[in-house]
Amino acid sequence: MSVLTDLIYGGSNAVAGLTEGAVNDAIAKYGADRKIVFPDTAYYFPTIYAATGVKVTTLGDLPACVGVLKSLISNKEDLGEALNAGLATAVGAEILEALKYVEGGDPYAKETGIGFVPDPIIRSLGVPLVTGDIPGVAVVLGKAAEASQVADVVKDYQSKGIMTFMIGDCIEQAAEQGVKMGLELRVVPLGHDVTSVIHVVTVAIRAALIFGNVQPGDLQGLLAYTKERVPAFVNTFGELNNVVVSAGAGAIALGFPVIVDVDLGENQVPGALESVTDHSMTVKHSLELRNIKIKVKELPIPVAFASAFEGEIIRKADMQVEFWSAKNTTCELVTMRELDQVEDHKITVVGPDIDSGETEYALATYIEVAGPKMQKDFEAVIERKIHAWFNYMEGVMHTGQRNQFRIRISKDAYEKGLRMKHFAEVLYVMIMDEFDAVVDKCQVTMVTDPVEAKRILDEEAMPAYNARDERLASMTDESVDHFYTCTLCQSFAPAHCCVVTPERLGLCGAVSWLDAKATKELNDAGPSQPISKEGCTDPIKGYYPDVDRMVNEASHGALEHVSLYSIMEDPMTSCGCFECICGIEPVSNGVVIVNREFAGMTPTGMTFGELASMTGGGVQTPGFMGHGRHFISSKKFMYAEGGVERIVWMPKELKDDVATKLNATAKELYGIDNFTDMIGDETICEDAESLLAFLQEKNHPVLGMDPLM
């Protein structure tokens with residue numbers, strides 16, 4: 001092991017010297033009191049904070065961190081000691097990257113890379129990671145001998161939904177070969193310096209803090225979490241220098257195997273550091289080392305199909321054709337039939353196909369399903385999946401739902417041969433794959449004929465939508481026999497369990513009561529299990545004996561009691577991937593609600609990230625609660641503390657989004673008209689005193705309510 005350990009120590013010592021010099025220079029130039037922060041994070045320098053508990057906020061905090069870094073480098077002939085030196089390299093890389101931000105602004109603005117990954121992006125990745133839409137995380141760095149080698153590997157990862165972060169010259173090599181990049185496509189260029197690898201390391205580290213409730217300073221807990229729960233690995237291309245090897249040692253210490261494309265011979269460490277010189281085997285071997293199993297779906301379509309394409313944006317200049325409700329009739333409908341009324345795998349296109357020469361079309365997507373276990377309630381559950389499945393097709397962009405949507409097909413996808421029958425094939429294959437427990441037969445009709453599309457909309461779709469809405473409106477927590485658990489996120493947050501009710505969807509915003517009901521039917525032993533409502537001990541706060549029992553079991557004893565309707569007493573926990581967080585604003589005696597997309601300051605004096613850092617990972621924090629957007633307008637929102645009348649501030653985008661339903665709730669419950677006009681936002685005020693003045697001006701009802709504390 002002498003060659004390997006020598007390389008690791010050579011790299012870590014070089015980074016330590018570079019870091020110490022850079023810190024000294026920065027202090028000399030800016031002074032020890034100069035603030036230094038990464039953008040949009042509540043976790044300071046995440047690597048240092050997680051490993052030591054130290055909160056770095058100024059340049060003057062860094063010399064002590066350099067001392068810790070140097071203490072990790074023992075230079076002893078021992079692989080375990082050498083891996084510690086790899087962690088030292090990670091600390092050094094974090095400091096060097098942070099120094100790029102010392103002058104403010106975005107140091108990566110002129111680079112092909114994004115640099116530091118903000119907290120909200122990590123939280124947004126939580127759901128696709130736990131559902132398997134993102135089955136793993138690849139780190140690709142270096143420069144390949146041939147550009148096609150790295151491009152083929154990255155495209156393979158992309159086709160499998162793997163989140164891929166890129167560092168170094170491989171970024172340009174992949175771009176030259178036509179690899180599409182961006183956060184929305186899950187191929188993310190971080191930067192060219194080797195030190196920018198720390199930005200993917202901190203993604204894994206913050207996952208432990210956000211989702212796993214790993215406490216700052218618990219280094220062993222951190223390493224155990226990243227090894228067991230973050231399915232990441234590293235691929236290097238080209239010759240290795242000592243800094244790259246040392247950075248790789250840091251990855252191995254975190255539990256991430258490193259696969260290199262040079263022959264290391266006897267210096268390989270099975271399961272941790274291995275050579276794969278045949279690039280056609282790189283992806284397969286990398287996935288095997290992390291035990292990542294990809295369920296390949298064979299689809300008879302001429303374009304790639306993967307969750308990695310879900311965020312693809314198609315500009316008008318790149319568009320071949322469009323289906324848009326603003327210009328033509330559109331609707332999407334799943335309807336249940338008797339078995340003898342459905343011809344399995346029958347696909348029909350009614351009207352012109354997209355090669356008829358037009359650029360705009362009507363579209364009614366009409367799906368008929370049948371099966372002994374199929375239920376009317378599952379129609380909408382299947383229907384909502386259309387959005388994702390169409391977006392999984394490379395070169396297709398879908399937004400909206402029901403009769404209000406837009407679909408764009410790119411010129412590239414059209415030239416590859418994508419036509420309407422392929423959309424129908426995608427729907428058939430995915431429905432029969434994901435809903436096979438309840439659907440035995442499925443037929444799909446794609447209608448572009450405007451007259452027939454209008455008939456389907458008026459005679460079938462709208463009546464179905466209205467009937468569903470009426471049923472959903474009548475569904476309350478009191479009207480059903482049971483609630484459901486949702487433990488999807490336990491792969492990341494083992495102490496968390498959602499309780500899903502008709503009036504409270506999962507905090508990620510993706511699981512409604514009907515979704516949970518369907519999940520139970522599809523997978524009897526799966527993440528959604530029924531909870532009895534018998535023996536309710538407090539209907540105001542929402543205490544149910546079976547809720548406590550089920551949550552206690554699901555959280556492995558971490559929780560004893562959960563109230564469904566209180567934010568102050570035993571509030572429901574969160575995994576960390578919530579859409580919004582609400583927290584007490586003591587001056588006004590109300591609560592602010594912030595969505596993760598909002599990067600500004602709130603009247604609490606905290607950003608979304610800082611508010612969100614107070615919960616997550618299954619922790620109960622009275623006064624703070626993660627939740628979905630649609631829960632804001634629920635009659636059960638903070639029911640024990642007075643309900644929606646407690647809401648005093650939201651970002652304007654969020655306020656506008658929920659206004660219609662929230663205003664309706666406030667009108668029904670309290671007789672208040674246009675309640676959202678009484679709620680502050682960032683265009684009105686950002687501090688507590690200004691907020692209070694605004695609330696007094698509007699005579700907000702919170703001013704007459706009992707104190708929260």
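Just so you know, residue 1 is the first one in the sequence shown, and it goes up from there.
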Contact summary for D344 and C442, nearest pair of heavy atoms: OD1-N, 3.1 Å
Q443 side chain to E343 backbone, donor-acceptor under 3.5 Å: yes
Intermediate values then yes/no, side chain to side chain contact (heavy atoms under 4.5 Å, CB included), L183 and M163: CA-CA 9 Å; L183 278 165; M163 187 88 181; 4.2 Å; yes
Separation between NE2 of H496 and CZ of F211, rounded to the nearest 0.5 Å: 11.0 Å
Pairing of R337 and E460 as salt bridge, 4.0 angstrom limit: yes
Steps toward side-chain hydrogen bond (donor to acceptor under 3.5 Å, both in side chains) verdict (Y157, S286): CA-CA 10 Å; Y157 284 139; S286 299; 3.3 Å; yes
Residue pair E394 / Q158, side-chain heavy-atom distance below 4.5 Å: no
Atom NZ of K533: over 12 foreign heavy atoms under 6.0 Å: yes
Partner of V130 by side-chain contact (heavy atoms from CB on, under 4.5 Å), out of C508, P527, C577, S491: S491
Euclidean distance, I314 CD1 relative to R408 CZ, rounded to 0.5 Å: 8.0 Å
Beyond-backbone contact of P128 with S307, side-chain heavy atoms, under 4.5 angstrom: no
Closest heavy-atom pair and its distance - I354, L418: CD1-O, 3.3 Å
Check ion pair E368-K346 (N to O, under 4.0 angstrom): no
Side chains of F435 and L522 in contact at under 4.5 Å (non-hydrogen atoms): yes
Q320 CD to D355 CG distance, which is reported to the nearest 0.5 Å: 9.5 Å
CZ-OG1 distance between R402 and T330, expressed to the nearest 0.5 angstrom: 12.5 Å
Donor-acceptor contact present, side-chain D433 to main-chain V429, <3.5 Å: no
L507 and C575, any side-chain heavy atoms less than 4.5 Å apart: yes
Stacked cation flag R596 on F608, 6.0 angstrom / 45 deg: no
Main-chain N/O of R419 paired to H422 side chain as donor or acceptor, under 3.5 Å: yes
N/O donor-acceptor pair under 3.5 Å between E379 side chain and M336 backbone: yes
E503 backbone acceptor or donor facing K636 side chain under 3.5 Å: no
Within-4.5 Å side-chain heavy-atom neighbours: S512 and R384: yes
Shortest non-hydrogen separation from V321 to M319 and the atoms involved: O-CG, 3.3 Å
Those residues that, when tested against F423, pass ring pair (Phe, Tyr, Trp, His ring centres under 6.0 Å) (two or more places apart): F390
Test item: D657 side-chain N/O and L654 main-chain N/O as donor-acceptor pair under 3.5 Å: no
Qualifying side-chain hydrogen bond (donor to acceptor under 3.5 Å, both in side chains) pairs, either residue in residues 173-183, two or more places apart: K180-E312
N328/E360 under side chain to side chain contact (heavy atoms under 4.5 Å, CB included): CA gap, chis, key distance, verdict: CA-CA 8 Å; N328 290 289; E360 298 173 350; 3.8 Å; yes
Closest contact, heavy atoms only, A510 versus D515: O-OD2, 3.5 Å
D477 side chain reached by P502 side chain, heavy atoms, under 4.5 Å: yes
Salt-bridge contact D681-K655 (side-chain N to carboxylate O under 4.0 Å): yes
Main-chain N/O of Q529 paired with T485 side-chain donor or acceptor, under 3.5 Å: yes
R468/E383 salt bridge by N-O under 4.0 Å criterion: yes
E579 (side chain) donor-acceptor with R629 (main chain) under 3.5 angstrom: yes
Nearest heavy-atom neighbours spanning Y484 and A516: CB-CB, 3.6 Å
Basic-acidic side-chain contact under 4.0 Å: D119, R123: no
Side-chain donor or acceptor of N466 paired with backbone N/O of M462 under 3.5 Å: yes
Pairwise distance CD(E332) to CG(L363) - rounded to 0.5 angstrom: 7.5 Å
Within 6.0 Å of NZ in K421, more than 12 heavy atoms from elsewhere: no
Minimum side-chain heavy-atom gap I134-P231 below 4.5 Å: no
Parallel, tilted or perpendicular, as decided by the 30° and 60° cut-offs, for the rings of F323 and Y361: tilted
Test: K667 and D673 ion pair at under 4.0 Å: yes
Stepwise side chain to side chain contact (heavy atoms under 4.5 Å, CB included) check, L190 with I114: CA-CA 5 Å; L190 291 177; I114 68 167; 3.9 Å; yes
T335 OG1 to I367 CD1 distance, which is reported to the nearest 0.5 Å: 10.5 Å
Check: T448 side chain, P352 main-chain N or O, donor-acceptor pair, under 3.5 Å: yes
Chi angles and distances behind the side-chain hydrogen bond (donor to acceptor under 3.5 Å, both in side chains) call for T676, N663: CA-CA 6 Å; T676 52; N663 284 335; 3.2 Å; yes
Side chain to side chain contact (heavy atoms under 4.5 Å, CB included) between E425 and I347, intermediate numbers included: CA-CA 8 Å; E425 286 285 5; I347 288 174; 3.3 Å; yes
H630, NE2: over 12 other non-hydrogen atoms inside 6.0 angstrom: no
Residues that F305 engages under ring pair (Phe, Tyr, Trp, His ring centres under 6.0 Å), provided they are two or more places apart: Y392
Nearest atoms (heavy-atom pairs only) where I162 meets G136: CG2-O, 3.5 Å
Non-hydrogen side-chain atoms of L662 and M650 separated by less than 4.5 Å: yes
Salt-bridge present (E322, R406; N to O < 4.0 Å): yes
salt_bridge(D377, R471) N-O dist < 4.0 Å: yes
H345 and Y428 aromatic ring geometry - parallel, tilted or perpendicular at 30°/60° bounds: parallel
